[in-house]
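Since the model is a prediction, treat every value here as computed from it, not as a measurement.
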Amino acid sequence: MKAQPPQSSSIPTADFSSPSPVERFRRADDPEWHWLEDRDAPQVSAFLEAANDESKSWMKPLDDLVERLYHSHLSRRELGVKGLPTALDHFTYWSETASDADYPVWWRHLNGNVSDATPFLDLQRRAEAEHYLELGDMALSPDERWLAWTEDTSGDERFTLYLKALPDGEPLLLLEEIGPELTWAEDNATLLFTRYDATQRPDSIWRLPLNQSQAGEPALILREDDPEFWLGLGKTRSRQWLVLESASKDTSECYLLPARAPDQAPRCFRPREKGVEYGLEHRPGYFYVLHNRNAPHFCLEVADEHDPQAPWRPLLEHRDDTTLEDVEAFDWGLAITERDHHEAQVRVRIVELDGSHAVRRDERLPLPESPCSLMLGDMPHFDSRRLRLREESFVMPVRWLEHDLDSGQRQILKTQPIHGDLQPEDLCSERIWARAHDGERIPVSVVMRADLAGRPLPTLLYGYGAYGEVLDPWFSVARLELLARGVAFAVAHVRGGGDRGEPWYLAGKLEHKENSFRDFLAARHALVEKGFSDAERIAAYGASAGGLLVGASLNLAPEAFCAAVLDVPFVDVLRTMENPDLPLTTAEYTEWGNPDEPDARKRIRAYSPLDNLTPQPYPTLFLQGSWHDTRVPYWEPAKLYARLREMGTARGPVLLRTDMAAGHGGASGRFKAWHDNARQDAFILWALGLAERKATNLKQ
């Protein structure tokens with residue numbers, strides 16, 4: 001039976017007893033709580049554990065609901081999962097996750113010989129002795145005889161490199177404290193990897209010579225001294241070039257190595273030019289350069305492989321209404337991902353070329369619905385004329401299909417199954433447009449049970465809005481637990497993200513950052529004005545830079561929300577950006593600004609959530625951090641918790657939970673991650689008036 005429509009109810013008040021962790025650990029000499037930044041001080045972990053105990057005690061009356069949400073979630077999804085097989089030159093590869101396992105096992109069989117299946121990497125077994133395990137990268141040697149991979153066992157994003165002979169060689173530990181990325185050269189004997197500097201910036205690329213199972217001494221290939229630039233590496237689908245990229249948030253530069261001769265010195269393709277980003281794809285004789293020089297929404301040009309400094313020839317011109325996001329090269333031509341600015345919809349465009357670059361075919365692949373997500377899948381073969389696609393929306397579970405370029409036929413390869421009483425056809429989704437403070441149109445997506453459409457519902461409003469990241473529609477099994485109980489889920493596609501292309505990103509960064517916060521509030525108001533949301537029962541959610549978005553919005557209009565969840569939130573923006581020794585800081589100057597510049601410092605100071613707390617009626621808050629998080633340190637949500645509790649003006653409880661065994665992405669095992677999500681959803685349901693909680697006194 002489906003849940004009944006929600007009834008209006010008041011939000012319960014907090015029932016904390018004294019002394020709270022904040023009262024017990026307050027230091028008169030440090031009202032800003034900066035002492036929490038001393039990770040090695042015993043008082044720091046003691047404070048976080050005390051806050052965890054407080055949160056656990058407060059949540060205890062909701063424990064039954066947490067378990068119901070968790071087990072209902074499990075019953076809705078297919079727990080035993082087999083990945084989509086991908087054929088390489090010699091073997092076909094896929095992953096399988098057992099119904100009771102947190103991690104997958106990777107398998108392979110000889111192409112055309114399904115009965116020859118053999119496991120070759122068992123992550124579930126490797127995780128048995130670890131509290132945390134995250135796979136960084138997997139790289140097969142071109143002859144498919146060797147597997148290299150990186151893994152992180154603490155959550156701090158420092159990786160260990162392993163190598164094994166396939167299928168059943170003993171794993172050999174080769175290197176520690178490196179970056180996640182790996183790429184094999186085409187000589188089957190050279191592995192490329194990255195290393196970090198003191199601020200955990202990938203500042204160097206190295207080659208590691210391998211002779212059978214013996215590793216030689218790593219040799220430096222490229223070092224980046226500019227602290228605003230990161231290094232990354234890859235290989236063209238043609239398998240002829242290794243591409244080494246140095247990039248900041250708004251500038252990039254590529255170096256090339258012949259894939260079969262990785263001992264050569266890297267060659268700079270085109271020297272960096274401030275504010276110009278470019279990326280490379282390759283077909284024999286040509287490089288395809290996607291760049292934004294004099295083309296803010298990007299254009300595509302062709303360079304001669306043997307003389308890339310010669311004038312480039314235009315292939316796809318700059319357009320005012322479309323951003324070119326990505327290009328994938330095949331022997332027949334190009335698959336191009338582009339984004340329509342007006343409708344905020346991604347498309348995949350197929351451009352077939354002859355030998356002189358005359359366009360033989362130019363078409364866009366059909367969409368299953370709009371808005372939706374559409375992206376290219378894994379296609380390692382340069383000559384493939386069958387494209388793998390991944391589609392989903394807020395009401396359509398993920399499905400993978402194959403599109404035949406010759407026949408135009410489409411075959412569904414796999415669809416995510418959904419079990420239980422609430423099926424995709426029971427849902428409906430709409431795209432509405434909010435009007436921002438400056439008149440801009442802000443896309444807002446909303447999904448709900450179809451039988452509840454047309455009435456104001458308690459709503460969870462989700463936002464991010466940074467780095468040009470896109471929030472294209474995505475299907476979530478966990479979200480069904482909220483939808484089934486009568487909650488509407490909405491997404492604010494604010495400026496600072498990339499939902500309406502490159503201009504949308506530029507209009508929400510640096511001196512324009514306040515647009516993001518105003519857009520989020522405009523989305524909230526539009527949901528109420530258009531009858532989707534109950535004005536008294538709207539909760540906000542933001543993670544990482546989304547936590548900044550929500551935190552700043554709460555400072556502007558705390559009465560707009562009845563509750564908020566801030567997950568690993570970036571809320572101490574000014575202090576973090578003032579410390580270049582912290583991970584990520586210097587690389588973020590082009591996103592937020594360099595506070596050494598007075599104007600930038602003033603701007604950041606004006607919106608940084610911790611710097612703008614005032615005695616206001618903040619909503620009830622659930623703050624989450626991770627002890628090993630190197631992107632947003634644990635102390636940022638901890639400081640926000642302490643200072644809000646000291647202020648004492650919130651309309652409900654302010655809770656802090658710190659995962660002492662995880663990093664920025666939270667728990668690595670899927671069952672623990674799902675249980676954490678159920679706890680968060682129980683809090684949201686309570687805050688929206690859809691779950692009862694009896695008051696209890698907290699024993700500290």
Side-chain angles (χ1 to χ4, degrees), residues 82-98 101-130 133-153 158-195 205-219 221 233-235 237 239-240 242 257-263 378 380-381 668:
K82 180 177 179 180
L84 203 59
T86 298
L88 300 185
D89 291 342
H90 308 293
F91 291 85
T92 296
Y93 298 83
W94 72 98
S95 65
E96 293 186 14
T97 306
D102 273 312
Y103 302 90
V105 178
W106 285 86
W107 292 73
R108 73 175 188 174
H109 65 68
L110 279 168
N111 289 340
N113 188 359
V114 179
S115 63
D116 188 41
T118 306
F120 63 89
L121 182 61
D122 189 337
L123 290 179
Q124 180 68 19
R125 178 170 295 179
R126 295 189 65 79
E128 288 175 357
E130 308 292 346
L133 180 70
E134 190 71 33
L135 182 68
D137 199 2
M138 284 176 54
L140 288 158
S141 61
D143 60 9
E144 302 177 51
R145 295 178 56 207
W146 298 93
L147 175 72
W149 73 96
T150 54
E151 60 184 47
D152 168 18
T153 54
R158 298 181 184 274
F159 292 83
T160 302
L161 171 62
Y162 292 90
L163 178 75
K164 68 176 289 185
L166 294 177
D168 53 8
E170 193 66 25
L172 302 171
L173 189 158
L174 299 184
L175 295 169
E176 296 180 292
E177 299 281 310
I178 68 170
E181 289 186 275
L182 299 172
T183 298
W184 283 90
E186 286 294 306
D187 62 357
N188 294 298
T190 305
L191 192 63
L192 275 63
F193 67 94
T194 61
R195 275 184 166 147
I205 295 176
W206 301 71
R207 72 168 66 88
L208 182 67
L210 300 169
N211 181 12
Q212 299 299 318
S213 61
Q214 299 297 314
E217 285 297 315
I221 299 176
L233 51 91
K235 183 164 53 178
R237 184 180 277 104
R239 295 167 66 164
Q240 294 188 18
L242 301 168
L257 278 176
R260 295 186 180 277
D263 290 338
D378 189 15
H381 294 294
S668 61

Nearest-0.5 Å distance that lies between atom [atom1] in [X] and atom [atom2] in [Y]:
X: D102; Y: E128; atom1: CG; atom2: CD; answer: 11.0 Å
X: N188; Y: L140; atom1: CG; atom2: CG; answer: 11.0 Å
X: F193; Y: T183; atom1: CZ; atom2: OG1; answer: 12.0 Å
X: S95; Y: R108; atom1: OG; atom2: CZ; answer: 15.5 Å

I'd like a table of donor-acceptor pairs (distance under 3.5 Å, sequence neighbours excluded) in which one partner is a side-chain atom from residues 170-182, with atom names and distances.
none

Contacts of type ring pair (Phe, Tyr, Trp, His ring centres under 6.0 Å), residue [X], not counting sequence neighbours:
X: Y103; result: none
X: F120; result: Y93
X: W184; result: none

What residues form a side-chain contact (heavy atoms from CB on, under 4.5 Å) with [X], not counting sequence neighbours?
X: L135; answer: L123, M138, W149
X: A165; answer: W146
X: E134; answer: Y132, D152, S668

Salt bridge (Lys or Arg N to Asp or Glu O under 4.0 Å) partners for [X], two or more places apart:
X: D116; result: none
X: R126; result: E151
X: D137; result: none
X: K164; result: none

Which atom pair, heavy atoms only, marks the closest approach of [X] to [Y]?
X: E144; Y: L166; answer: O-CD1, 3.6 Å
X: A87; Y: H381; answer: O-NE2, 2.8 Å
X: D143; Y: H90; answer: O-CD2, 3.8 Å
X: P85; Y: T92; answer: CB-CG2, 3.7 Å
X: A101; Y: Q124; answer: CB-OE1, 3.6 Å
X: L242; Y: P262; answer: CD1-CB, 4.3 Å

**Report entry** L191 side chain near L161 side chain, heavy-atom distance below 4.5 Å
**Finding:** yes
Query raised in the report: Pairs in or reaching into residues 84-93: which pass salt bridge (Lys or Arg N to Asp or Glu O under 4.0 Å), with residues at least two apart or in two chains?
Result: D89-R239
Query raised in the report: Does A259 offer a backbone N or O that forms a donor-acceptor pair with the side chain of Q240 under 3.5 Å?
Result: no
Query - Aromatic plane relationship, W107 with W94 - under 30° parallel, 30 to 60° tilted, over 60° perpendicular - result: parallel
